[in-house]
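Along the sequence shown, residues are numbered consecutively beginning with 1.
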Amino acid sequence: MLWGGRFKESLDSEALKFSSSIQIDKTLLPEDIQGSKVHASMLKTIGILSDEEYEKISNGLTQIEEEYLSGLWKPDESIYEDIHSAIESKLNELIGQAAGKLHTGRSRNDQIITAVRLWVKKACEEILEVQKEFQNTLLKLAEDNTTTIIPGYTHLQRAQPISFAFHLLAYVEMLGRDCERVKFTSKMADESPLGSGALAGSTLPLDREFTCKELGFNNPSRNALDAVSDRDFLLEFLNSCAIGMMHLSRFAEEIVLWSTSEWKFIRLADSFTTGSSLMPQKKNSDLAELTRGKTGRTFGNYMALLTTMKGLPLSYNRDMQEDKESVFDSFNTYYSCLKMMKGMMETVNVNKTRYLDELKGDFSLATDLADWLVLKGIPFRQAHHIVGKVVQLAEEKGILFDELTVEDLKAIHPIFDMSAMECFEIKTALERKKTFGSPNPKMVSEQISFWKEKVKD
Ligand code: ARG
């Protein structure tokens, strides 16, 4: 027990179990040990620990980490309040008296948030890596599909033809912004709170620059009260995971649709699909569905911590212990979904000619015909109306655009000539796009090169 001095009775066993966070914060063991070692090393440099005491503490901490990782030591929630106090007690068992000096000038308030900040920085790096891997997977798939025509939708109604590469690049862009959010989060976490004590620093000459540098932080935090109370960087982390998951979930939804018999656009590999216990023919996209399903929890995690924090007076309050469960859960969820989606897309089979016939003469080329009229000097609103009439005529005749004749068009407006018929050509629909950021295969290829370079750094 870390604080027994003024108490006559120890904490009720149910109360201890209720309040212990060990099952959650044991994840922080490596970061806690790292923080403690650096703190001890600083205490040595300012003369509070002898060389010998420092060695004992440092070796003891190494042993604890090894015993924990090998499963030899299992910190027990019915004995300890959290992993930080468990480590300190264990150190006491291992090295005796010297262990009592480790906590000099340190409160669990700054100790914990130091470990959490270290953990977040590491987690951001891990997420960034898999985000980029996923981007690479999508870029490879895009490279192979710059002329694979698919319908682009608005309101889930066919709108204009696009390429599969163009569609994938939209996700590459989203992932690009997701990466930026994660980098920003890591920057927010990059301050050393160690040396802030419980809330008001210390009367001991703790060298905060030293611990900051040794732990690899950018700068020591400037206000001890803020340092132990701030959980903004965790909210940024949860937000990054939530937005990242929202993007994955939209993609997952499209994968589910594309792999149905109705769409028949992609085939997921057997290794990324599941069967049905009853219907032998079934091949289900469960992994995409799970990604979509898990998204809700990451939104909840963000709301949960926001709500926990909103009424808390400065500085530390025990409510804040609740921060970690959401953070670890969102990390695990987002990380594993990124990996899963990446695997799914690496092994997907694309039906490249799926829409070629189906979009031939499709009404989704109507905007192109309106643009043709605009280039002939017709105001767009009028052009829109004229093409509406063309669609109506084709529908009345029960035919598609490319089955109409020039005479049919001329009957609607005399300005039409043979060159208007080119607008009904699906094969050249993408090349006809002129604007930067459009699905023109040349521009798409340029975007692919742009991203391939960007993903490298
Ligand atoms: N396990 C707790 C947490 O993560 C530590 C509490 C430390 N501080 C305190 N004053 N009780 O928040």
Check: [Y] main-chain N/O paired with [X] side-chain donor or acceptor under 3.5 Å:
| X | Y | result |
| --- | --- | --- |
| Asp32 | Leu28 | no |
| Thr211 | Val38 | no |
| Asn223 | Leu225 | yes |
| Ser85 | Asp82 | yes |
| Ser330 | Val327 | no |
| Asn145 | Leu141 | yes |
| Asp110 | Ser107 | yes |
| Ser438 | Lys434 | no |
| Asn317 | Ser315 | yes |
| Ser186 | Val182 | no |

Which is it for Phe233 and Thr185 under the side-chain contact (heavy atoms from CB on, under 4.5 Å) test, yes or no, and what are the steps along the way?
-> CA-CA 6 Å; Phe233 69 101; Thr185 303; 5.5 Å; no
Can a salt bridge be assigned to the pair [X] and [Y] using a cut-off of 4.0 Å between side-chain N and carboxylate O?
| X | Y | answer |
| --- | --- | --- |
| Lys44 | Glu55 | no |
| Glu446 | Lys442 | no |
| Glu214 | Lys37 | no |
| Glu81 | Arg318 | yes |
| Glu14 | Lys17 | no |
| Asp178 | Arg181 | yes |
| Lys140 | Glu346 | no |
| Asp230 | Arg117 | yes |
| Glu143 | Lys452 | yes |

Return yes when atom [atom1] of [X] has more than 12 non-hydrogen atoms of other residues, nucleotides or ligands closer than 6.0 Å, and no otherwise.
| X | atom1 | result |
| --- | --- | --- |
| Glu209 | CD | no |
| Glu325 | CD | no |
| Arg297 | CZ | yes |
| Glu129 | CD | no |
| Lys183 | NZ | yes |

Report yes or no: do Thr308 and Asp319 form a side-chain donor-acceptor pair below 3.5 Å?
-> no
Do Glu254 and His167 meet the criterion of a side-chain donor-acceptor pair at a distance under 3.5 Å?
-> yes
Taking every non-hydrogen atom, the tightest pair across [X] and [Y]:
| X | Y | result |
| --- | --- | --- |
| Ile149 | Ile426 | CD1-O, 3.3 Å |
| Thr435 | Met443 | O-SD, 2.9 Å |
| Ile127 | Tyr334 | CG2-CE2, 3.6 Å |
| Ser19 | Gln321 | O-NE2, 2.8 Å |
| Ser229 | Met320 | O-CE, 3.1 Å |
| Ala198 | Asn109 | O-ND2, 3.1 Å |

Could you walk me through whether Arg208 and Ser221 pass the side-chain hydrogen bond (donor to acceptor under 3.5 Å, both in side chains) check?
-> CA-CA 9 Å; Arg208 296 199 56 212; Ser221 52; 3.0 Å; yes
Taking C-beta and beyond as the side chain, do [X] and [Y] meet within less than 4.5 Å on heavy atoms?
| X | Y | answer |
| --- | --- | --- |
| Ile255 | Met345 | yes |
| Leu365 | Pro161 | yes |
| Leu199 | Tyr316 | no |
| Pro151 | Ser364 | no |
| Lys433 | Gln160 | yes |
| Leu175 | Leu138 | yes |
| Leu248 | Thr295 | no |
| Gln135 | Met174 | no |

What do the steps show when you test Leu430 against Asn440 for side-chain contact (heavy atoms from CB on, under 4.5 Å), and what is the final call?
-> CA-CA 5 Å; Leu430 301 180; Asn440 184 314; 5.9 Å; no
Could you point out which residue of Ile112, Asn301, Leu234 forms a side chain to side chain contact (heavy atoms under 4.5 Å, CB included) with Asp323?
-> Leu234
Could you walk me through whether Trp73 and Glu66 pass the side-chain hydrogen bond (donor to acceptor under 3.5 Å, both in side chains) test, one step at a time?
-> CA-CA 9 Å; Trp73 177 53; Glu66 283 167 3; over 6 Å; no
Tyr355 and Phe265: ring pair (Phe, Tyr, Trp, His ring centres under 6.0 Å), yes or no, with the steps?
-> CA-CA 8 Å; Tyr355 294 105; Phe265 175 47; 5.6 Å; yes
Mind running side-chain hydrogen bond (donor to acceptor under 3.5 Å, both in side chains) on Thr146 and Ser163 for me, showing each step along the way?
-> CA-CA 6 Å; Thr146 53; Ser163 67; over 6 Å; no
Sequence neighbours excluded, the answer for side-chain contact (heavy atoms from CB on, under 4.5 Å) partners of Asn219 is Glu191, Arg222
Partner residues of Asp144 under the side-chain contact (heavy atoms from CB on, under 4.5 Å) criterion, sequence neighbours left out = Lys352
Considering residues at least two apart in sequence or located in another chain, which fulfil the ring-ring contact (aromatic ring centres under 6.0 Å, His included) criterion with Phe328?
-> Trp119
Under the side-chain contact (heavy atoms from CB on, under 4.5 Å) criterion, do Met344 and Thr273 qualify, and how do the steps go?
-> CA-CA 9 Å; Met344 223 179 323; Thr273 40; over 6 Å; no
Looking at Lys324, Lys122, Lys121, which hits salt bridge (Lys or Arg N to Asp or Glu O under 4.0 Å) with Glu31?
-> Lys122
Taking it one step at a time, do Glu358 and Arg158 satisfy salt bridge (charged side-chain N to carboxylate O under 4.0 Å, His left out)?
-> CA-CA 12 Å; Glu358 199 171 312; Arg158 285 189 184 174; 2.4 Å; yes
Determine the sole option in His84, Arg106, Glu88 for which the side chain to side chain donor-acceptor pair (under 3.5 Å) test with Ser36 is passed.
-> Arg106
